[in-house]
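One structure is given below, encoded as structure tokens.
Note that this is a predicted model, so its numbers are computed, not measured. Ligands are counted one by one from 1 in listed order, and the atoms in each one are counted from 1 as well.
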Amino acid sequence: MSAHPSHQITADQSLLKRINRMALIRLVKAQPGLSRAGLAKHTGLTKSTVSVLVQGLIHEGWLREQETTASQGLGRRPTPLVLDPTHLGFLGAELGVDYLNVVACNLLGEILFSQMLPYQHQEVDRSVRELSDLVESAHGSLLTQHCRPLGVGVGVPGMIDLRDSRLKFAPNIGWYDVAIEKMLRAELDKGGCRDLPLSVLNDANAGALSEYVFGAEQNSAPLVYLNIGIGLGAGIVLGDRLYLGNDGLAGEVGHTILQQEGERCACGRRGCAETLISQRAVSRFITGQESPILSIGELVARISRNDDATRQASTRAGQYLGLLLHNLGNTINPGLFVLGGPLVQLGPTLVQTALETMKSYGGRYDFHRVTVRQCRFGINACAVGAAGNVLHRLLHPIEHPANEQRTETHTR
Ligand SMILES: [Zn+2]
């Protein structure tokens with residue numbers, strides 16, 4: 001007999017338990033120091049159910065009891081619960097346009113291991129293999145630190161199809177229709193990561209999750225993360241979820257068109273935002289040539305010695321960035337814009353110019369209350385966010401039901 005999907009959820013005791021467990025973790029994550037009684041009040045679960053679940057979560061390394069100073073004659077205080085940063089680990093990797101990067105994080109997003117290599121992609125197989133080797137090193141490092149890895153997230157510079165996790169198109173490395181998740185899975189299955197859940201996501205979406213999952217602003221205000229490097233993309237978090245759109249292609253702001261008949265973009269169109277706001281664009285503004293693209297190190301060195309052409313190029317990109325922020329502000333009305341990716345290292349000529357331009361477009365009738373700031377994880381943002389995606393998926397078991405089944409039977 002086949003059950004109606006809505007009945008399946010309530011009939012599945014194991015899923016129900018996961019939903020309740022993760023609700024408790026989300027609450028403690030948002031409000032560190034909540035007691036068991038507080039959790040019962042917030043969730044509507046009975047105190048005895050909460051006690052049993054919390055016991056399990058402590059045993060598995062999700063939560064720990066916070067030390068409290070002894071109260072003097074006031075009776076026993078409820079024991080505050082906090083996330084346990086010492087037992088669980090999350091692996092994150094970035095397949096960058098010209099580098100590979102991998103990190104291992106704890107439950108608080110603190111980096112326990114990181115390794116970055118400059119890299120030029122030649123064959124897909126080789127890139128996937130070398131990235132997997134780096135992930136294996138991070139995995140080994142977690143184990144030596146007595147952390148239990150819960151999964152691997154990988155950020156890639158392209159569009160991921162929601163239906164089958166294929167990389168549809170990565171214009172800046174020239175990859176089309178690559179079965180990236182399948183290939184990574186096959187490589188990881190050869191080593192210590194074979195039992196770990198794997199997720200692949202767009203690099204800007206990963207950046208957005210680095211801020212949302214591990215950042216200080218734990219609220220549901222819409223967040224837009226801009227990843228500005230050789231390419232340009234955005235990750236959008238709306239209502240506690242990464243907003244992916246109908247096909248997984250939301251946030252491709254780099255290929256919104258800002259200039260009719262503008263320069264040719266890596267995607268084949270003309271005048272995309274990416275041709276005006278990117279490392280490639282700043283480099284072209286300076287040299288007048290599409291290639292070679294000046295490295296970030298070179299651009300930063302030129303800015304710091306006050307090279308006029310580079311300052312002008314950076315300012316020009318900043319003006320277009322301000323225009324894009326204005327447009328995104330009017331489309332999404334976020335509470336927070338986070339600027340990330342290598343190009344933000346150009347500093348005020350880019351970032352301050354963008355802010356001023358955005359404000360100037362706002363004019364008298366600008367009702368937006370938005371904070372704009374730089375990302376907190378710097379060059380590691382995408383890898384940390386890919387690790388954050390592992391945690392984010394575990395914390396939302398209804399949307400990602402297969403995840404925790406692979407990990408919940410193990411305890412520390
Ligand atoms: Zn384009």
Side-chain angles (χ1 to χ4, degrees), residues 94-99 120-121 124 155-162 166-178 180 200-208 224-236 243-296 299 313-314 316-332 337 339-344 346 350 354 357-358 382:
E94 177 182 11
L95 192 142
V97 172
D98 54 3
Y99 59 89
Q120 295 305 320
H121 299 282
V124 175
V156 295
M159 304 162 193
I160 297 290
D161 193 310
L162 266 187
R166 290 175 80 90
L167 175 60
K168 299 304 286 179
F169 183 29
N172 288 306
I173 51 175
W175 290 10
Y176 294 86
D177 198 28
V178 173
I180 185 81
V200 178
L201 72 169
N202 167 269
D203 53 4
N205 287 338
V224 177
Y225 178 96
L226 283 175
N227 187 35
I228 319 169
I230 289 185
L232 171 69
I236 302 164
Y243 178 69
L244 296 171
N246 192 43
D247 302 299
L249 305 179
E252 287 293 344
V253 297
H255 305 288
T256 56
I257 293 168
L258 290 190
Q259 240 181 14
Q260 279 189 320
E261 305 307 319
E263 294 292 330
R264 180 80 68 188
C265 180
C267 75
R269 302 180 193 99
R270 285 186 178 278
C272 292
E274 190 171 294
T275 66
L276 300 161
I277 313 159
S278 64
Q279 186 180 336
R280 189 192 296 273
V282 171
S283 181
R284 192 188 66 246
F285 294 157
I286 297 167
T287 65
Q289 312 282 331
E290 279 298 330
S291 64
I293 300 172
L294 297 175
S295 72
I296 284 294
L299 291 174
S314 179
R316 190 171 163 202
Q319 288 165 346
Y320 284 112
L321 177 57
L323 170 61
L324 183 69
L325 290 174
H326 169 81
N327 289 345
L328 289 173
N330 278 295
T331 311
I332 296 166
F337 275 123
L339 305 180
L343 205 71
V344 296
L346 296 187
L350 181 87
T357 308
M358 181 184 81
C382 173

Between Leu299 and Ile286, does a side-chain contact (heavy atoms from CB on, under 4.5 Å) hold up when you go through it step by step?
CA-CA 10 Å; Leu299 291 174; Ile286 297 167; 3.6 Å; yes
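To the nearest 0.5 Å, atom CG of residue Leu244 and atom CG of residue Leu201 are 8.5 Å apart.
When each of Asn172, Ile230, Leu258 is tested with Glu274 by the rule side-chain contact (heavy atoms from CB on, under 4.5 Å), just one qualifies, namely Asn172.
Contact detail for Gly262 and Arg270: the closest heavy-atom pair is O-NH1, 3.1 Å.
Here the protein contributes His255 ND1, Cys265 SG, Cys267 SG, Cys272 SG as N, O or S atoms under 2.8 Å from the Zn ion (ligand 1).
Ring geometry, His121 versus Trp175: the interplanar angle exceeds 60°, so the pair is classed perpendicular (tilted spans 30 to 60°).
Contacts of Asn246 classified as side-chain contact (heavy atoms from CB on, under 4.5 Å), with partners at least two apart in sequence or in another chain: none.
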